[in-house]
Amino acid sequence: MKLSVVIPACDEEQTIGSTVTGLVSALTDAEIDHEVIVVDDSSTDRTAAVVEAVAAEHPRVRCVPSPYENGFGFAVRAGLEAFEGDAVAIVMADGSDSPRDLVSYQRLLEEGYECAFGSRFIHGSAVIDYPRSKLIMNRIVNWGIRALFRHGYNDTTNAFKAYRREVIENLQPFLSHHFNLTVELPLKAVVRGYSYGIVPISWTNRKAGVSKLRLNEMGSRYLFIVLYVFLEHHLSRGDYRRQEL
């Protein structure tokens, strides 16, 4: 099973090189067939040049410019249109996600799960230097989503997840332009009946660069997507659920 890794990157020249090389090293050591796609999201710095330098040494790495307007969701969507593997993982450019956890995701998919989800808030997980205000907001939002959907999963908002190709194909079209895509993908997968495994993962706050997430701008967008999928789940009479073989 070939694993594609999609990394949306906007002005991440300080972190993208180490992020990509760390992923390549972990996947190569684990003997996982892979490709790494960095989607340059209208960067104004040397993000693309750094990736091209890494790609010169690692032919499984490539940098593609996003054909859409600036936005995290648009950049991820560009990567999901470009990947060639049997499954795809979304990884942040800032180095917050552990390459070892990506190997764990691959093993879940090899076991037969259609989606691989991680949680930063279960036994065996680790969270390092999470800003307190964002942590509190994160737990409130995830508690609300868990209560609304009753799926028992406590880290829906984390972008770092993996999906088989057929899942991505059947979740489209995507509505989210921004970080709310991180909620749209897993919630659609859950309510449409795809299987998922959950493993503990680690998260480390970025050492350089600036986060692009603005909570004051994302609140209504997250709420829109959550309510949209909730209404699909309860009112569509199963029109969008996967077709059982």
Side-chain angles (χ1 to χ4, degrees), residues 4-27 34-85 88-99 102 128-131 133-135 137-138 157-161 168 172-185 203-222 224-225:
S4 298
V5 182
V6 168
I7 308 175
C10 178
D11 294 338
E12 295 286 3
E13 67 173 326
Q14 295 177 284
T15 60
I16 192 63
S18 59
T19 296
V20 173
T21 55
L23 290 168
V24 170
S25 177
L27 293 172
H34 65 276
E35 65 170 351
V36 177
I37 304 171
V38 178
V39 181
D40 183 13
D41 184 20
S42 304
S43 295
T44 58
D45 64 1
R46 298 184 62 258
T47 293
V50 172
V51 177
E52 293 295 351
V54 174
E57 298 183 10
H58 301 283
R60 294 181 178 182
V61 175
R62 56 190 169 113
C63 183
V64 300
S66 174
Y68 304 113
E69 62 183 274
N70 175 253
F72 178 88
F74 281 131
V76 172
R77 286 158 65 171
L80 296 180
E81 292 168 2
F83 84 93
E84 300 174 351
V88 61
I90 299 168
V91 177
M92 299 301 285
D94 59 8
S96 58
D97 304 315
S98 169
L102 188 57
I128 301 170
D129 197 24
Y130 205 130
S133 60
K134 288 187 176 182
L135 178 60
M137 183 59 66
N138 175 289
T157 58
N158 189 17
F160 179 42
K161 295 177 173 65
I168 294 298
Q172 299 187 48
F174 301 122
L175 302 178
S176 304
H177 297 181
H178 302 282
F179 281 90
N180 47 342
L181 186 64
T182 64
V183 174
E184 181 178 357
L185 287 170
W203 184 92
T204 303
N205 196 18
R206 63 164 64 239
K207 299 292 192 299
V210 178
S211 173
K212 313 307 183 294
L213 175 61
R214 299 292 180 266
L215 293 178
N216 60 330
E217 298 177 4
M218 287 297 112
S220 61
R221 291 174 171 137
Y222 275 100
F224 165 70
I225 288 299

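Note that the structure is predicted; figures quoted are calculated from it, not measured. Position 1 is the first residue of the sequence; numbering continues from there.
Nearest heavy-atom pair, T157 versus T182, reported as atom, atom and distance to 0.1 Å: O-OG1, 3.2 Å. Scanning all heavy atoms of the two residues, the minimum distance from D41 to S66 falls at CA-CB, 4.5 Å. H58 and V24 make their closest contact through ND1-CG1, 3.7 Å (heavy atoms, listed as atom of the first residue, atom of the second, distance). In terms of heavy atoms, V38 sits closest to A9 at CG1-CB, 3.9 Å. The minimum heavy-atom distance linking A55 with V61 is given by the pair CB-O, 3.3 Å. The minimum heavy-atom distance linking T19 with A93 is given by the pair OG1-O, 2.9 Å.
One distance of note links CG of L80 with CD1 of I168; it measures 5.0 Å at 0.5 Å rounding. Atoms NE2 and CG, from H34 and L102 in turn, are 9.5 Å apart once rounded to the nearest 0.5 Å. Separation of atoms CD1 (I7) and CG (D40) is listed at 12.5 Å; rounding is to 0.5 Å. The line from OG of S133 to CG of N138 is 11.0 Å long, rounded to the nearest 0.5 Å. Interatomic distance, CD of E57 versus OG1 of T21, reported as 9.5 Å (0.5 Å rounding). S98 OG to I128 CD1: the interatomic distance, rounded to the nearest 0.5 Å, is 9.5 Å.
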Passes side chain to side chain contact (heavy atoms under 4.5 Å, CB included), V5 versus L27? Steps please.
-> CA-CA 10 Å; V5 182; L27 293 172; 4.0 Å; yes
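Not counting sequence neighbours, R46 has no partner by the side chain to side chain donor-acceptor pair (under 3.5 Å) test. Residues meeting the side chain to side chain donor-acceptor pair (under 3.5 Å) test with T47, sequence neighbours left out: D45. Under the rule for a side chain to side chain donor-acceptor pair (under 3.5 Å), the partners of E35 that lie at least two apart in sequence or sit in another chain are S4, R62. For F74, the ring pair (Phe, Tyr, Trp, His ring centres under 6.0 Å) partners two or more places apart in sequence, or in a different chain, are Y68, H177. Residues meeting the side chain to side chain donor-acceptor pair (under 3.5 Å) test with S176, sequence neighbours left out: E184. Applying the ring pair (Phe, Tyr, Trp, His ring centres under 6.0 Å) rule to Y130 yields the partners W203; only residues at least two apart in sequence or on another chain are considered.
Of the candidates T204, V91, I90, V91 is the only one forming a side chain to side chain contact (heavy atoms under 4.5 Å, CB included) with D97.
Looking only at side-chain heavy atoms (C-beta outward), H178 and Y222 stay at 4.5 Å or farther from each other. Counting heavy atoms from C-beta outward, V76 and V39 have side chains that stay 4.5 Å or more apart. Residues R77 and L181 are in side-chain contact: their nearest non-hydrogen atoms beyond the backbone lie under 4.5 Å apart.
Checked by atom type and distance alone, the side chain of S18 pairs as donor or acceptor with a backbone atom of T15 at under 3.5 Å.
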